[in-house]
Amino acid sequence: MSHPDFELYDNVGRDADQIAAARYGIATERDLLRWARRDAEPFLAEHPLPDTPLPSPDLAPYHEALAAAETPAQASAVTQHLLDAAEPVFQAISDYLLSAARWRGQNRGAEPQSPPKMLMTAASRSLDVLALAHRADLAILRAAYDPAPAPKARAVPRPARSGFPRRRRTPLLPDRPPAGNQRPSEATCPHALSSHAPSGPASAAYTSITTATPVAVSRCSSPLTSTASQETSTP
């Protein structure tokens with residue numbers, strides 16, 4: 001280290017900061033503050049600051065009133081009164097931290113985790129104390145004056161169906177086609193002779209042949225049955 005009064009510490013009677021400083025060869029936090037105070041003595045002589053800390057506010061009346069409160073409204077009145085009284089102090093601290101972050105324009109182009117950004121975050125969070133306490137007090141008042149309705153009983157959910165599609169049933173086909181406009185004899189016999197009768201000039205010849213042949217053919221018989229009948233009936 002270049003600083004003349006930097007000391008390397010051993011582990012006997014030293015805290016964690018001093019042990020880490022001796023291990024890594026860096027200055028402790030107390031070393032940094034001591035060096036800064038020594039180098040700032042001429043400046044502080046020209047710009048004297050109070051040596052005593054800021055006066056602590058007297059909060060005894062607030063503690064006594066809070067102890068005597070019996071309802072949420074009474075406790076909220078004490079809390080809100082204290083927050084209103086302390087708001088100027090927190091605001092003044094936030095303003096100073098913001099000025100320290102902007103000192104000599106060091107916040108311009110600073111990285112998110114740089115010291116100027118850390119100071120700006122501290123300035124914002126110093127006011128979060130008041131905001132958080134205010135939200136907590138409002139939650140207490142809402143629970144007392146405007147409670148949430150009781151949740152409705154939930155219906156028992158139906159079991160979920162499987163992801164596979166349901167199989168459709170194939171309709172059964174009839175044993176025979178519908179009759180439609182056919183005659184009952186034609187609908188029941190697919191081998192009706194009338195369906196094979198020729199039309200036109202050959203109709204007369206076909207009629208004479210079928211009437212002249214003494215063969216008894218059933219209208220509903222199959223071709224094989226009619227052939228067998230012809231063979232047994234022919235002399």
Side-chain angles (χ1 to χ4, degrees), residues 1-69 72-142:
M1 294 293 293
S2 59
H3 206 281
D5 62 348
F6 175 75
E7 298 178 2
L8 293 179
Y9 305 103
D10 56 18
N11 294 345
V12 179
R14 305 300 182 183
D15 56 16
D17 186 24
Q18 293 172 336
I19 295 174
R23 179 178 180 181
Y24 297 106
I26 60 176
T28 64
E29 295 179 357
R30 285 192 294 269
D31 290 334
L32 298 176
L33 294 176
R34 187 177 72 253
W35 299 339
R37 283 195 300 267
R38 186 197 61 187
D39 294 342
E41 286 180 358
F43 173 79
L44 293 178
E46 298 178 1
H47 304 276
L49 298 175
D51 294 335
T52 58
L54 295 176
S56 176
D58 184 12
L59 300 183
Y62 296 94
H63 287 286
E64 294 175 1
L66 182 62
Q74 296 172 356
S76 174
V78 179
T79 301
Q80 292 295 333
H81 194 279
L82 175 62
L83 295 180
D84 293 341
E87 192 274 335
V89 178
F90 284 93
Q91 186 63 53
I93 295 175
S94 176
D95 294 341
Y96 173 80
L97 294 176
L98 184 60
S99 300
R102 296 174 177 176
W103 175 67
R104 292 184 176 272
Q106 62 178 351
N107 62 308
R108 299 173 185 174
E111 297 295 331
Q113 298 300 328
S114 61
K117 295 297 182 179
M118 295 172 64
L119 287 171
M120 296 181 71
T121 302
S124 176
R125 291 183 179 180
S126 61
L127 298 178
D128 290 346
V129 177
L130 302 176
L132 182 60
H134 180 69
R135 291 202 305 267
D137 185 65
L138 289 180
I140 296 175
L141 294 179
R142 186 172 298 279

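In this chain, residues are counted from 1 in sequence order.
With sequence neighbours excluded, no residue satisfies salt bridge (charged side-chain N to carboxylate O under 4.0 Å, His left out) with R102. By the ring-ring contact (aromatic ring centres under 6.0 Å, His included) test, F43 is found to be paired with H47, residues two or more places apart in sequence or in another chain being considered. Residues passing the side-chain hydrogen bond (donor to acceptor under 3.5 Å, both in side chains) test with R30 are D15, sequence neighbours excluded. With sequence neighbours left out, the side chain to side chain contact (heavy atoms under 4.5 Å, CB included) criterion links A133 to L83. Applying the side chain to side chain contact (heavy atoms under 4.5 Å, CB included) criterion to S76, with sequence neighbours excluded, gives Q80, D137, L141.
Atoms CD and CG, on E46 and L44 in that order, are 9.5 Å from each other to the nearest 0.5 Å.
No side-chain heavy atom of K117 sits less than 4.5 Å from a side-chain heavy atom of N107. Proximity of L98 to L119: side-chain heavy atoms (C-beta onward) are nowhere separated by under 4.5 Å. In this structure, T28 and L32 have side chains that are not in contact, with every pair of non-hydrogen atoms separated by 4.5 Å or more. Counting heavy atoms from C-beta outward, L33 and R37 have side chains that approach closer than 4.5 Å. Within the 4.5 Å cutoff, side-chain heavy atoms of P61 are placed close to those of D58.
In plain terms, the two heavy atoms of P116 and A101 that are nearest each other are O-CB, 3.4 Å. Shown here for A123 and S94, the closest heavy-atom pair between the two residues is O-OG, 2.7 Å. The shortest non-hydrogen separation linking A110 to S114 is CB-OG, 3.2 Å.
Identified under the ring-ring contact (aromatic ring centres under 6.0 Å, His included) test for residues 74-132, with sequence neighbours left out: Y62-H81.
For the pair R34 and D31, the salt-bridge criterion is met [side-chain N within less than 4.0 Å of a carboxylate O].
Counting only distance, with no hydrogens or angles, the side chain of S124 and the backbone of M120 share no donor-acceptor pair below 3.5 Å. Although no hydrogens or angles enter the test, the distance criterion places a donor-acceptor pair under 3.5 Å between the side chain of Q106 and the main chain of A100.
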Steps toward side-chain contact (heavy atoms from CB on, under 4.5 Å) verdict (R125, T121): CA-CA 6 Å; R125 291 183 179 180; T121 302; 3.4 Å; yes

